[in-house]
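For clarity, every value in this text was computed on a predicted model and none was experimentally measured.
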There are 2 protein chains.
Amino acid sequence: MSRAITPDANTAVQAPGEASLPNGPATGGDSDDLIELLFFAYRDFVGDPDRILAQYGFGRAHHRVLHFVDRYPGLTIAELLDILRITKQSLNRVLKDLIDQGYVEQQTGTSDRRQRLLFCTPSGRALTADLTRVQVRRIVRALDAPAEEDETEGGRGTRAASAQDFLLAMIEPAERAAIRRLMARRATVRA
Amino acid sequence: MSRAITPDANTAVQAPGEASLPNGPATGGDSDDLIELLFFAYRDFVGDPDRILAQYGFGRAHHRVLHFVDRYPGLTIAELLDILRITKQSLNRVLKDLIDQGYVEQQTGTSDRRQRLLFCTPSGRALTADLTRVQVRRIVRALDAPAEEDETEGGRGTRAASAQDFLLAMIEPAERAAIRRLMARRATVRA
DNA sequence: TGAGATATGTCAACAACACTGACTTATCTT
DNA sequence: AAGATAAGTCAGTGTTGTTGACATATCTCA
């Protein structure tokens, strides 16, 4: 465990500017929180598989390829490029790794022999299953988590509340408190 | 608009392996979809600000710094490092850009003069507001979107359904159909 | 059949953003 | 005064993205 996110000595010095509105009209108070929660949730969400991938010398790019090839066997290169939104050259670099090390196989298309259909090998499926497992675990835990007892639940609508619950529950439990404290600090500063 | 995500000629060649379970016990059927939706949603979510940032010669790293400094004025370097989970060297590179170009200011700590408290300048706040605006717009749209009329809503629980609704609605509308089609393809292949 | 389009692969150079390791300077704590 | 802590910096490296330019195999259509 590293340092805590929350401060103690730095008691919110006032910024030398305007006194921002208390959840102004177009500001979308809930949305501001969601932006941040999305950041933290996604960070932890990809952090889990990252640790596994590192043991294989792979990165996130490899993960994405593995995931989509595993889930949509027979995917073509063009389709994969379109899903990932990266260039052919970027894809090829990681795809080559996966093929060379026997996690993915190519198969010449039947109807169009120019195409290379992609499939996971058994070891590719096994690795992907490992990666999926840790992500599913986190998601299931987030879905099963009890709803937050939100003190200040004004008239925002429950959609925002449940999105917030979900994302907050996606965050690594050990850090949730720190993040809650951080986000509470905002209310202190801008009020 | 580029190519469509969905295929037509490649009619799901059967992968030469096991016949995967139809939403097996520990597999977490909903979660598999959520993994993918999280990928697409996050991709589009950060895509909006990316376009704005590019006009300033900034990247995502700059965005993250701006966001947190704007939201938590007076943040110290150590706190920011802990939030972003990057190294001091990585942070310094982008922070220097932001300071040199007048978007962020440093202020020596009052109680501890070793600290450098970070604040957005007016232009920093303006830029951040721009970035926040497009992200809030997407989130608000997602929260306001009507719930999906899910055909196959078994006994999964509504938590998963609303998380799915939210993430799907976060995806760029023009691409939602393609992604739905892609994900439908999975059911075809593994069934 | 032959021309042009398409699917894929590859070389080379470059940029953004992360990392490690090693130090320096200023300031606080004890 | 000694050691810890906050911040800044230099130098080198790795992953993953980008352009631009081509090469090869295959398909489509006139």
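Residue contacts for B:Arg93: at a heavy-atom cut-off of 4.0 Å it reaches a base atom on one of the strands shown. The residue B:Lys96 sits close only to the backbone: its heavy atoms come under 4.0 Å of sugar-phosphate atoms, none of a base.
The residue among A:Ser90 and A:Arg113 whose nearest nucleotide of DNA chain D lies closer to the 5′ end is A:Ser90. When each of B:Ala61 and A:Leu95 is assigned the nucleotide of DNA chain C with its nearest heavy atom, A:Leu95 is the one assigned upstream, toward the 5' end.
The side chain of B:Arg43 contributes no N or O atom lying less than 4.0 Å from OP1 or OP2 of D:dG17. Of the side-chain N and O atoms in B:Thr87, one or more sit less than 4.0 angstrom from OP1 or OP2 of C:dC19. Between A:Gln106 and the phosphate of C:dG9, there is a side-chain N or O to OP1/OP2 separation shorter than 4.0 Å. In this model, the phosphate group of C:dA16 is not approached by any side-chain N or O of B:His62 to a distance below 4.0 Å at OP1 or OP2.
Within the 6.0 Å centre-distance limit, the rings of B:Tyr103 and B:Phe58 are counted as a close aromatic pair.
The side chain of A:Lys88 has C:dT10 as its nearest neighbour among C:dT10, D:dA7, C:dA18. Of the listed nucleotides (D:dG8, C:dA7, C:dC17), D:dG8 has the atom at the smallest distance from the side chain of B:Asn92. The side chain of B:Gln89 has D:dC10 as its nearest neighbour among D:dC10, D:dG20, D:dT16. Listed nucleotides: C:dA7, C:dC28, D:dT9. Nearest to the side chain of A:Gln115: C:dA7.
In this structure, B:Leu84 atom CG and C:dA18 atom P are separated by 8 Å, rounded to whole Å. Nucleotide C:dA15 holds its P atom 19 Å from the CG atom of B:Asp50, rounded to whole Å. Taking atom CG of residue A:Leu81 and atom P of nucleotide D:dT19, one finds them 13 Å apart after rounding to whole Å. Rounded to a whole Å, the CG atom of B:Leu117 is 14 Å from the P atom of C:dT27. One atom, CD1 of A:Ile99, and another, C1' of C:dG9, lie 11 Å apart when rounded to the nearest Å. The separation between A:Arg116 atom CZ and D:dA25 atom P is 10 Å, rounded to whole Å. Whole-Å rounding puts the A:Leu80 CG to C:dG9 C1' distance at 15 Å. The CG-P distance, from B:Leu75 to D:dA6, rounds to 14 Å in whole Å.
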Quick one: do A:Leu91 and A:Leu80 satisfy side-chain contact (heavy atoms from CB on, under 4.5 Å)? Show the steps, please. CA-CA 9 Å; A:Leu91 172 58; A:Leu80 196 46; 4.1 Å; yes

Decide yes or no on side-chain contact (heavy atoms from CB on, under 4.5 Å) for B:Thr76 and B:Leu118, but give the supporting numbers first. CA-CA 6 Å; B:Thr76 67; B:Leu118 300 170; over 6 Å; no

Dump the intermediate steps for side-chain contact (heavy atoms from CB on, under 4.5 Å) on B:Arg71 and A:Met183, then the final yes or no. CA-CA 9 Å; B:Arg71 219 164 127 83; A:Met183 294 181 66; 3.9 Å; yes

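The base of C:dT8 does not come close enough to the side chain of A:Arg114 for any donor and acceptor atom to sit less than 3.5 Å apart.
A heavy-atom distance below 4.5 Å is found between the side chains of B:Phe68 and A:Phe39. The side-chain heavy atoms of B:Ile171 and B:Ile179, taken from C-beta on, include a pair separated by under 4.5 Å.
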